[in-house]
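The residues of the chain are indexed from 1 along the displayed sequence.
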Amino acid sequence: MTDVQGGFRGWAADRKGAVSRLRFTSLRLRLVVVFGLVALTAAVSASGIAYWLNREAVLTRTQDAVLRDFQQEMQNRAGALPVHPTQDELQRTAGQMAVSSQRFSVLLVGEDADRRTVYGSSDGLSAFALDDVPVSLRKAVGKQQKVTDSNRSAYHLYWQRVVDHGTPYLVAGTRLIGGGPTGYMMKSLEPEAKDLNSLAWSLGIATGLALIGSALLAQAAATTVLKPVHRLGVAARRLGEGKLDTRLRVSGTDELADLSRTFNDAAEALEKRVDDMAARDDASRRFVADMSHELRTPLTAITAVTEILEEELEAESGSIDPMIEPAVRLVVSETRRLNDLVENLMEVTRFDAGTARLVLDDVDIADQITACIDARAWLDAVELDAERGIHARLDPRRLDVILANLIGNALKHGGSPVRVSVRIDGEVLVIAVRDHGPGIPEDVLPHVFDRFYKASASRPRSEGSGLGLSIATENAHIHGGSITAANSPEGGAVFTLRLPRDASLLAAEGKDAGEAGKAADTGDANDAGEKGA
C-alpha cells in the first residue's frame, strides 16, 4: 500500500512539474511567436517591396531598350522599303531588323503592288506569325489617330506583355507614317524572369534567415525576461512553504529589479511580523503554562477544604448553618469548575507546545463507549448502536475525553435520548453522536470548535470551562483524525468523530500528529456547556 501511495505521489509530483514547465514554456512560446510574427511581417513586407521595385526596374529598363531599338529599326530599315514591297523585301528587311543589339523577332506586314497582303518574318514563315500578336494590340496599332497640336502622329507604337507556355514575352507593334508596312516585334523576357526568380529566392532565403534570427533573439529575450520571473516564482513558493529567509538577488535598475526589491522588502517585513507573532505566542503559552502550574498548589489546598465542606453538607448532623449552606454549595461548585479549567488549560498548553503524546493500546470500541457512559451515569439517557468486536489501536484515555465531551455536549444542549453509533469506513473508525435538540444555528456552526466561543452573549457563564470541545478535537488531531459538526435533516445536531483504526501507522511515518489532524478540521473547540444551541 505504501509503495502504491509513493508511486501515486511521485506521479502527481511529476505531473505538477510538467504542468509548471508547460506554463513556463507556453509563455516563452508566446514571446517567440510574437517576435517571429513581427519579424516575418517586416521581412515579407521589405522583401515584397524590394521585389516589386526591382521587378519594375528590370522590366522597364529592358522594355524601354527593346522598344527604342525596334522603333529605330522601323524608321531606318522598314522606312526605306517601298510603299508596296514584295514578300522577299519584307523577309530580308525583317531579318536585318532582328540582328539588332536587342535580338528580337520581327514580323512585317504589307501590301504588294497587287494589293495582296504579304508577310516577312525574321524567323521564317513558320515562326513569329500574326496570330502570335494579341488582337487588341493589332487593333490599337492599325487605328489611325487624329492629328492635333498635342498628337502629331497618326500612328503610335504600342506594346503588351504576354505569357506563352510559361514564358513571358514583350510584343510591340507600330505602323509607318505615310504608308508602308506594319511592323511587329516579339522579345522573350525569360532571362529577366530568371533573374527575378533568383531575386525572389534570395529574398525568400533572407526572410527565412530573418525569421530564424528573430526566433533566436526572442529565445534570448524570453530567457532574459523569464529567468527573473522564474526565480521570483521559486522564491514565492519557498516563502509559501514557510522559508521566510528567502531573498532574491537584485541586479540592475529595470522593472524586474524593482520587483525583486519589493519582494525582498515584503519577505523581510513578513519574516519580522511572523517572528514577532511567534515570540508573542510563545510568551502567551509560557504564561498560561506557568499560571496553570502556579494555580495548582493553592487549588489543591482549596479542593481539600471544599471536599471537607461537601462532606459536611452531606452529613446528617446538620453542622452547616442553613443560612450559609447555599454559599458553601456555590464555593464547592465553583472550586470544582476552577480545578477543571486549570486542568484543561494545562492540556491545551501541552497541545500548543507539541508535547502531547499518545499511549496506544488495543481498544474494543463498544466496551470503551459503555465504560465512558457508565462512569458518568449516562446509561439511561444514551442509546448505543455499536457491534461488539470492533477493535482499534488508540489512546484509551484520550478517546474517553473525546467521547465524554461530545456526549456531554449533546445531553446538555441537545436533548435525550442521545444516540451514539459506530461504523467502519475502510481503515477509518467513524463514531457519530446525535442529539434530539433544536440543532446548532448556522452562524454558530463555523465557530463551534473555537476556544471560549459563546453561542449567546447573554450566557457569559456556564458550568463548563469553555475548552472541552477544543480539547476533544485536539485529541482527535493527535490521532490523525477529525471531528465535524452538522445539523441532522431529521432534527438535532450531529458530531462525527473520524479516527484511523491504527494510530501507530501515523507515528511510524514520522508525522506530527497534531498537524496531520488540522488538515481535516480548522479552529479550536469549546466544551459541551458552551456550544449548545
> Can any side-chain N or O of H436 pair as donor or acceptor with the backbone N or O of P417 at less than 3.5 Å?
Replying inline: yes
> Taking NZ, NE, NH1 and NH2 as the nitrogens, is one of them in E490 or R434 under 4.0 Å from a carboxylate oxygen of the other?
Replying inline: yes
> Are the side chain of N264 and the backbone N or O of L248 linked by a donor-acceptor pair below 3.5 Å?
Replying inline: yes
>> For E474, is there an ion pair with R398 - N to carboxylate O distance below 4.0 angstrom?
In response: no
>> So, applying side chain to side chain contact (heavy atoms under 4.5 Å, CB included) with E271, which one of T246, L244, L239 is it?
In response: L244
> Given side chains that start at C-beta, do those of L399 and I369 come closer than 4.5 Å, heavy atoms only?
Replying inline: no
> Does a side-chain heavy-atom distance below 4.5 Å link I424 with R501?
Replying inline: yes
>> Please identify which of these residues, I483, L411, D435, meets the side chain to side chain contact (heavy atoms under 4.5 Å, CB included) condition with L406.
In response: I483
>> Any heavy-atom pair between the side chains of R247 and E268 that's under 4.5 Å?
In response: yes
> Is any side-chain heavy atom of L497 closer than 4.5 Å to a side-chain heavy atom of I402?
Replying inline: yes
> For the residue pair D395 and L360, what are the closest heavy atoms and their distance?
Replying inline: N-CD2, 3.8 Å
> If we only count heavy atoms from C-beta on, is the T207 to V44 side-chain gap below 4.5 Å?
Replying inline: yes
> Is D385 close to V422 at the side-chain level, that is, under 4.5 Å between some pair of heavy atoms?
Replying inline: no
> Quick one: does N475's side chain have a donor or acceptor within less than 3.5 Å of a partner on I471's backbone?
Replying inline: yes
>> Restricting to non-hydrogen atoms, name the atom on A485 and the atom on I440 that form the minimum distance, rounded to 0.1 Å.
In response: CB-CD1, 4.4 Å
> Is a side-chain donor or acceptor of N405 paired with a backbone partner of V401 at a separation under 3.5 angstrom?
Replying inline: yes
> What heavy-atom pair brings N54 and A50 nearest, and what distance separates the two atoms?
Replying inline: ND2-O, 2.6 Å
> Measuring from C372:SG to I407:CD1, what's the distance to the nearest 0.5 Å?
Replying inline: 5.0 Å
> Could D361 and R393 be called an ion pair, given the rule that one side-chain N must be under 4.0 Å from one carboxylate O?
Replying inline: no
>> If you count heavy atoms of other groups shown closer than 6.0 angstrom to CD of E383, is the number above 12?
In response: yes
>> If we ignore hydrogens and angles and just use 3.5 Å, is the side chain of W378 paired with the main-chain N or O of R376 as donor and acceptor?
In response: yes
> Between P396 and V363, which heavy-atom pair has the shortest distance, and what is it?
Replying inline: CG-CG2, 3.7 Å
> Can any side-chain N or O of D364 pair as donor or acceptor with the backbone N or O of D367 at less than 3.5 Å?
Replying inline: yes
>> Treating H479 as the side-chain partner and L394 as the backbone partner, does any N or O pair qualify as donor plus acceptor under 3.5 Å?
In response: no
> Looking at side-chain heavy atoms only, is the closest gap between L232 and F263 below 4.5 Å?
Replying inline: yes
> Do R388 and T370 have side-chain heavy atoms sitting under 4.5 Å apart?
Replying inline: yes
>> Under 4.0 Å between a side-chain nitrogen and a carboxylate oxygen: does that hold for D265 and R261?
In response: no
